[in-house]
There are 2 protein chains.
Amino acid sequence: MALSDLRAGERNEAGIASVLGILQQAFGERFQTGETLRYQHAHTTTYIPAQLPDGVVFAESADDVKTVVRACADHRVPVIPFGTGSSLEGQVNAPSGGISIDFSRMNRIIEVNPEDLDCTVEPGVTREQLNVYLRDTGLFFPIDPGANASIGGMTSTRASGTNAVRYGTMKDNVLAVTAVVANGEEVRTARRARKSSAGYDMTRLFVGAEGTLGVLTSVTLKLQGIPAIIAGGVCGFPSLRDASNAVIMTIQLGIPVARIELVNTLQIKACNAYSGLTLAERPTLFVEFHGNEESVALQSQQFAEIVAECGGGAFEWTADPLARAKLWKARHDVYFAAKNLKPGAAVIATDVCVPISRLADCVAETEEDIDAHGLIAPIVGHAGDGNFHVSLVLDDKDPADVKKAEEFVARLNARALAMDGTCTGEHGIGQGKIPYLEQELGGTVELMRQIKRSLDPDNIFNPGKIFYLG
Amino acid sequence: MALSDLRAGERNEAGIASVLGILQQAFGERFQTGETLRYQHAHTTTYIPAQLPDGVVFAESADDVKTVVRACADHRVPVIPFGTGSSLEGQVNAPSGGISIDFSRMNRIIEVNPEDLDCTVEPGVTREQLNVYLRDTGLFFPIDPGANASIGGMTSTRASGTNAVRYGTMKDNVLAVTAVVANGEEVRTARRARKSSAGYDMTRLFVGAEGTLGVLTSVTLKLQGIPAIIAGGVCGFPSLRDASNAVIMTIQLGIPVARIELVNTLQIKACNAYSGLTLAERPTLFVEFHGNEESVALQSQQFAEIVAECGGGAFEWTADPLARAKLWKARHDVYFAAKNLKPGAAVIATDVCVPISRLADCVAETEEDIDAHGLIAPIVGHAGDGNFHVSLVLDDKDPADVKKAEEFVARLNARALAMDGTCTGEHGIGQGKIPYLEQELGGTVELMRQIKRSLDPDNIFNPGKIFYLG
């Protein structure tokens, strides 16, 4: 999308003024309007410009959320939920102004049910906080989008990450949510049963709705047993195609790989330089297996056979925590490694997802595109899902650079859609991908608008995200 | 629910007369109005009385579906999709009359993408038909609700069955659908990527909507590799609690069991008598493992250790297809085994689902309830999901028997809800569970109504199911 297409939205000045007064009264110093703080609650992670809310409420309870939603509903003022601000497509911007609800103080772990492998948390709990809390129970929450995001934010963008290939995405790991909806009441979308056929799947409707249908007040999550053994390894391939074939065979044989990440040649160079690795500069898979001693050994052997069949280099696996940690630290630091490719540059991460049979084509064509346009843009992919990220290294203050990036993103999305893929595997639509959603789903977007209008008739919940209503 | 609460719905006689004329003209002998045929297209599987549609169209294409929907939309006449008629809660009834669309001729397998482990089929394809077709590809579609249901029907009721514990439910296995919606156009809810964060999860909204939001015209499904080895076994326990503990430990340790079915003492007696088994008459688990030789052996050994720890009898497993087939044939024949308990009786299957920590309590209390009220009702459960079925053996022509059954179902649902469970794990709401949905989800049902009103403003799609609008 060209930034010139980004709609500012209309401001309801009178309503905003009334709400500012009401919230000042209701929340005292838990309601802030200073510009620095408001800026921190707008979009700050990419070149999409920040659009500031008019005030920020530090909510501490569902009742606080109700108070905000009721005031905003009465005066038709936008409500924008804010977790940690790590979203990448402008999800926390306030194009029509309004009130940001900061969830950092709603970070209680409400209950853990170890026998049922579930827990219920407030939306401000971060995934690292949750996993530290759970450690003694022998359980963990597997979804890992990289950033230490909040559970509410991860739910709202339908986040996934490196180990979705084994454990699924937020779609698969949220059992229920509570949310304050347009009438100011709190609803619960489901009970704690592992499955249900009871009516429309309202849980899945809130997962990925980016705060446009209501404000989450709790999330009930599935948990997993911490694997007794985690083993992993790394393996180079002569070509992207060979690496992709190894991924396809791994998935097809049902090897329950926990992570299988495709790292392209430029990204390997960047990681070698930044993280002190000494990997051969060629398309590489980073893999991880979870299980007990026998099952991890079995998975690793099966994978090694596949690698050999696909022409990959020697695959060595290790259960040694230090060696593993160094590798995955490098994988998680790809952002900094990319940034390091051009001193002083910014890095913009964008994502698409295609059927895995098309992954090699899509990545290869994207590499050619990057070369042809003189861009610097390493690639990492959650290969088991067909999802990959391009890290555009650019000067985000230079309009020419930004324009080149925007044009690249448009071509990337067209390419993914032509391969029956999606314009976003895990970052969400936000503001940045609004035109691509329309290209992807056509008439289905009108159904989404109808749902939005029915559940949020005054368009107060995070307006200007996912689609435009007008 | 008492049958006296079943609302008949209002008939739009003028609209129906117009539509009958239009469809007669459009479809000729592919449109039928004979009473016998219309009766076969109403609900016939439980004591909920049949409510006949006014005519049945044998659709052969999405264009046929559009023709029916447009005619019905123009004249505000109900449209009721019909797969194989195996639903259990009145889903195919026509309480306000209208047109049944029979999908038995829309049974083409549109495409199979072996590398991506997916396929796209018309809604009338049955799961057995699909699996026969797939056999040569080395792939299979795992969801098995027992009946040879249609994929469209399974999608619409969010079906699952014995191996959902490993492979998930229809929610987890539908990648996308196409549907004809209220404006008579066909929409596609998603592309073929394995995951997406692109807007509201419209796929999941159609899965489980029981045909109330539009008429499915194709379903894109995930497939699995056929396991090299399937092994299974059976094991008795001193008590329900012990059997449940074995299930909980199996899930908690992450053993990827493919099936783990709890069969109560009365059902074991019935199976022994009907299927010629010689099992000890006590709570019993039927289990199945999928994998290769090594992984199946490993899973079986781990499970045997759990059984020993939980006081279970000797657990013997076998990969012998004949022994396995006899066991699972008996499991699948529980309906007939139950029917055999009382000659000439009918069997009504009802289902609830609770968190697995409460499964033993819920089943034990239900057994006490059955005894206290002099009912005959064996129990089988998809224990890994906390989902169980009670097969009520009764004279469905005797109002006193039916009333006792209804009262039992009401108590069963209240019990499951009190344990944070759901009124249906896999049968859906249909007509039979409308009051329990309201008890389960309260204000969330109003959100469902709002969605229904927005996507189907004239209430033509399968009216009178899931909730009442008025």
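Order of the sequence lines fixes the chain letters, A, B, ..., with proteins taken first and strands second; residue numbering starts at 1 for each chain.
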Can you tell which part of [X] gets under 4.5 Å to a heavy atom of chain A, answering side chain, backbone, both or neither?
X         : value
Ala416(B) : neither
Leu298(B) : side chain
Val181(B) : side chain
Asp351(B) : neither
Leu417(B) : both
Gln302(B) : side chain
Met448(B) : both
Ile248(B) : side chain
Thr169(B) : side chain
Glu294(B) : both
His382(B) : side chain
Leu437(B) : side chain

Closest-packed option against chain A by number of heavy-atom pairs under 4.5 Å, given [options]:
options                                    : result
Gly443(B), Gly442(B), Pro355(B)            : Pro355(B)
Gly254(B), Gly225(B), Ala209(B)            : Ala209(B)
Pro256(B), Gly386(B), Gly138(B), Pro114(B) : Pro114(B)
Ser160(B), Gly428(B), Gly199(B), Gly291(B) : Gly199(B)
Cys423(B), Gly208(B), Gly421(B), Gly430(B) : Gly421(B)

Closest-packed option against chain B by number of heavy-atom pairs under 4.5 Å, given [options]:
options                                    : answer
Ile251(A), Thr203(A), Thr189(A), Leu205(A) : Thr189(A)
Thr424(A), Asp420(A), Val187(A)            : Asp420(A)
Pro227(A), Ser295(A), Gly384(A), Ala198(A) : Ala198(A)

Within a strict 4.5 Å, meaning less than it, do heavy atoms of the Ser454(A) and Arg453(B) side chains meet?
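No, every pair of side-chain atoms sits at 4.5 Å or beyond.
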Check whether any side-chain heavy atom of Gln252(A) sits under 4.5 Å from a side-chain heavy atom of Leu117(B), and report yes or no.
yes
When rounded to the nearest 0.5 angstrom, what distance separates [atom1] in [X] from [atom2] in [Y]?
X         : Y         : atom1 : atom2 : value
Lys452(B) : Ile451(A) : NZ    : CD1   : 13.0 Å
Ser197(A) : Ile466(B) : OG    : CD1   : 10.0 Å
Ser196(A) : Ile429(B) : OG    : CD1   : 7.0 Å
Glu115(A) : Arg358(B) : CD    : CZ    : 10.0 Å
Leu455(A) : Gln450(B) : CG    : CD    : 5.5 Å
Ile356(B) : Arg192(A) : CD1   : CZ    : 10.5 Å

Is a side-chain N or O of Asp116(A) found less than 3.5 angstrom from the main chain of Ser357(B), in a donor-acceptor match?
yes
For Arg188(A), is there any backbone N or O sitting under 3.5 Å from a side-chain donor or acceptor partner on Thr444(B)?
yes
Search all heavy atoms of Lys195(B) against all heavy atoms of Cys353(A) and return the closest pair with its distance.
O-SG, 3.5 Å
Where is the tightest heavy-atom contact between Thr422(A) and Ala193(B), given as atom of each residue plus distance?
CG2-CB, 3.8 Å
Does a side-chain N-to-carboxylate-O contact under 4.0 Å join Arg204(A) and Asp201(B)?
no
Thinking salt bridges, do Arg191(A) and Glu440(B) make one under a 4.0 Å N-O criterion?
no
In terms of heavy-atom contacts, does CD of Gln439(B) have more than 12 from other residues, nucleotides or ligands at under 6.0 Å?
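Above 12, so yes.
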In sequence, state the C-alpha distance, the side-chain angles, and the governing distance for Leu213(A) and Leu447(B), and then conclude on side chain to side chain contact (heavy atoms under 4.5 Å, CB included).
CA-CA 10 Å; Leu213(A) 299 178; Leu447(B) 301 187; over 6 Å; no
Examine whether an atom of Asn113(A) lies under 4.5 Å from a heavy atom of chain B, and if so say whether it belongs to the side chain, the backbone or both; otherwise answer neither.
neither
